[in-house]
Amino acid sequence: MAFCPILLVALFSLIYGNYIIPIEATHHVYRTLQSSSSDSSNHQPYRTAYHFQPHKNWINDPNGPMRYGGFYHLFYQYNPEGAVWGNIVWAHSVSKDLVNWTPLDHAIHPSQPSDIKGCWSGSATILPGGKPAILYTGINPNNHQVQNIAIPKNISDPLLREWKKSPKNPLMEPTINNKINSSSFRDPTTSWLGKDGYWRVLIGSKINTKGMAIMYKSKNFVNWVEAKHPLHSAEGTGMWECPDFFPVLNKKNTLKIGVDTSMIGDDVKHVLKVSLDDTKHDHYLIGTYETTKDIFVPENGFVDNKFVLRYDYGKYYASKTFFDDGKNRRILLGWVNESSSVADDIKKGWSGIHTIPRTIWLHKSGKQLIQWPVKEIENLRINPVNWPTKVIKGGELIPITGVNSVQADVEISFEVKDFEKAEILDHWIDPQILCSQKGASKKGGVGPFGLLVFASQGLQEYTAVFFRIFKYQHKNLVLMCSDQSRSSLNKDNDMTTYGTFVDVDPLHENLSLRTLIDHSVVESFGGEGRACITARVYPTLAIHDKAKLYAFNNGTSAVKISRLSAWSMKKAKIY
Ligand SMILES: *[C@@H]1O[C@H](CO)[C@@H](O)[C@H](O)[C@H]1NC(C)=O
Ligand SMILES: *[C@@H]1O[C@H](CO)[C@@H](O)[C@H](O)[C@H]1NC(C)=O
Ligand SMILES: *[C@@H]1O[C@H](CO)[C@@H](O)[C@H](O)[C@H]1NC(C)=O
Ligand SMILES: *[C@@H]1O[C@H](CO)[C@@H](O)[C@H](O)[C@H]1NC(C)=O
Ligand SMILES: *[C@@H]1O[C@H](CO)[C@@H](O)[C@H](O)[C@H]1NC(C)=O
């Protein structure tokens, strides 16, 4: 790799001993912990086989995803020096299928004053003539966040291996006018072109505790002027990181079709996603983009100035979508951090993965989005196991044999006929709290039923993904949980339980669950993609061929397994 001035910083800092220096709200720099040890050929029970992760070291946000020259391009925040955050560059991988990836040289690394202290997140926009441009956040010598542009050196190279930065950088800086704190001005979106010929881009920000998506406009993509008001803002939500703003089709029979980011019109609704720095969750709003006023008016998912809808109710952050013009779909990528201790991350030599890319579209109700793993991931499926329908009684545990339990794709559906025994919920309660109070080990009425993954022989360890049905205001309310409370005997791990209610009616449809199991990842989709929960787990006993997989029911009522299809997954070629 080329000379990297950041190395000097790392060496210089060593002199200062074991300090952990907070330089910014979201990241801590563990300067002395940077290491280049670790070799993935070591004993590594937790390394994934088909989720995206680099050979070693720290990874966070996906950046600038796009399709160009017949390849999918993925850039990502990466520390070349170790398994903790720091020295951030844009690493670059390309793929033909969003499953197998080839790493290339780092695309963007600190080299000019406007990014000398870090090349942080940003997005790609395909300009007229099919030319890509990247807007990204740079950290300048004063530790201010500014926005820069980089364009390919050679657009005839489909791999876009080399990038050049504009001498005009930075293009956008926090100003006294906009009252923006220079530590709260980052993560430009993909830009969209208005009917008036102006490009628009959003920058995540806040003023005091009011989170906002500041808009800038430009005719030529180089001279940017701040708009009079943000596209949208909300009191009390804190810093908005990694905003994403895109249209989704809202027309019968075409819902699944993705559209270009600049598309406007009667057939679309718009989605605004923000990553809330305060809560570390990715929230989204569905609404209308009023182009004459350049504002976004949310219609759903925003109650009492609080966000309700999330892409994923487990571990998931800093996600970003792009329009795949090859297959006319919109693809969502997101980062999942570790639940292990920093010491364990350093020991294993890596930290962070990305979820399986998800196709994303508007549900026919118009009230929420649907997410589903890209079709291409199914090419990794081998050795299918299919069950005939079977009843699973309360307290029963049925082993799912014939698949590799640590590297599998499982689809299971339940048919519930008898709701008589459903537990009564007399007041509304946060579903995540409900899941931690009523985990898999608490016997219920209708449910818990679902999957036990990474289960050890004597059930000292297991992770449970399940449904539990309550009666709430005389209706069936479906809770989906991912219960990590027994996922590992190593209590240094974060074993928080996650949960959400799922908008399904079990009277009229079977309850489906799909879980992608990958060594330390449990990525689950409930209600055909209406609710996603991703968890990270590090069992000590249930590893390799010691791990078992079960369907379970710990309710009083029997339910019917209407479908079980499971596959072992081949390893993807990722580095
Ligand atoms: C640009 O890329 C093309 C395709 O890889 C290559 O043939 C050409 O030599 C490159 N041009 C330069 C100036 O590097
Ligand atoms: C800007 O934000 C940083 C970090 O959140 C904080 O330490 C600093 O005091 C803020 N500066 C001003 C002028 O508000
Ligand atoms: C990463 O994981 C930790 C512990 O599991 C959590 O507290 C933290 O907020 C996460 N960070 C992000 C950015 O998701
Ligand atoms: C089912 O519930 C019983 C009693 O509440 C508990 O002892 C058992 O561990 C539970 N089973 C599972 C798989 O959690
Ligand atoms: C639910 O599963 C049963 C099999 O148990 C099947 O006969 C039925 O068609 C399914 N219902 C729906 C709505 O798909």
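Small disclaimer: the values here were computed from a predicted structure and weren't measured. Counting convention: from 1, in listed order, for ligands and their atoms alike.
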Any nitrogen or oxygen of [X], main chain or side chain, under 3.5 Å from a nitrogen or oxygen of ligand 4?
X      : value
Asn554 : yes
Arg486 : no
Ala440 : yes

Any His508 heavy atom less than 4.0 Å from ligand 5: yes
Pair listing, side chain to side chain donor-acceptor pair (under 3.5 Å) test, anchored in residues 541-553, at least two apart: none
Inter- and intrachain pairs under side chain to side chain donor-acceptor pair (under 3.5 Å), touching residues 436-448, at least two apart: Glu423-Lys438
[X] heavy atoms, cut-off 4.0 Å: which ligand 4 atoms fall inside?
X      : value
Lys443 : 5 (O)
Ser441 : 2 (O), 3 (C), 4 (C), 5 (O), 6 (C), 10 (C), 14 (O)
Tyr462 : 12 (C), 14 (O)

Sequence-distant partners of Asp518, salt bridge (Lys or Arg N to Asp or Glu O under 4.0 Å), two or more places apart: none
Backbone of Ser319 reached by a side-chain donor or acceptor of Asp282 within 3.5 Å: yes
Measure from every N or O atom of ligand 3 to the protein's N or O atoms and keep only the pairs below 3.5 Å, writing each with atom names and distance to 0.1 Å.
unit_1   : atom_1 : unit_2 : atom_2 : d
ligand 3 : 2 (O)  : Lys315 : NZ     : 2.8
ligand 3 : 2 (O)  : Asn337 : OD1    : 3.1
ligand 3 : 2 (O)  : Asn337 : ND2    : 2.6
ligand 3 : 5 (O)  : Lys315 : NZ     : 2.7
ligand 3 : 5 (O)  : Asp494 : OD2    : 2.6
ligand 3 : 11 (N) : Asn337 : ND2    : 2.9

Min N/O separation Glu415 to ligand 5 under 3.5 Å: yes
Under 4.0 Å to a heavy atom of Ser562 - the qualifying atoms of ligand 5, by number: 2 (O), 3 (C), 4 (C), 5 (O)
Nearest non-hydrogen partners of Ala440 and Tyr462, listed with the distance: CB-CE1, 4.2 Å
Exercise: identify the closest heavy-atom pair between Phe454 and Pro539: CB-CG, 4.0 Å
[atom1] ([X]) with more than 12 external heavy atoms under 6.0 Å:
X      : atom1 : answer
Leu507 : CG    : yes
Glu528 : CD    : no
Asp430 : CG    : yes

4.0 Å heavy-atom contact, Tyr550 with ligand 4: no
Cationic tip of Arg358 above Trp372 ring, under 6.0 Å, 45° of axis: no
Under 3.5 Å side-chain donor-acceptor pair for Glu338 and Tyr538: yes
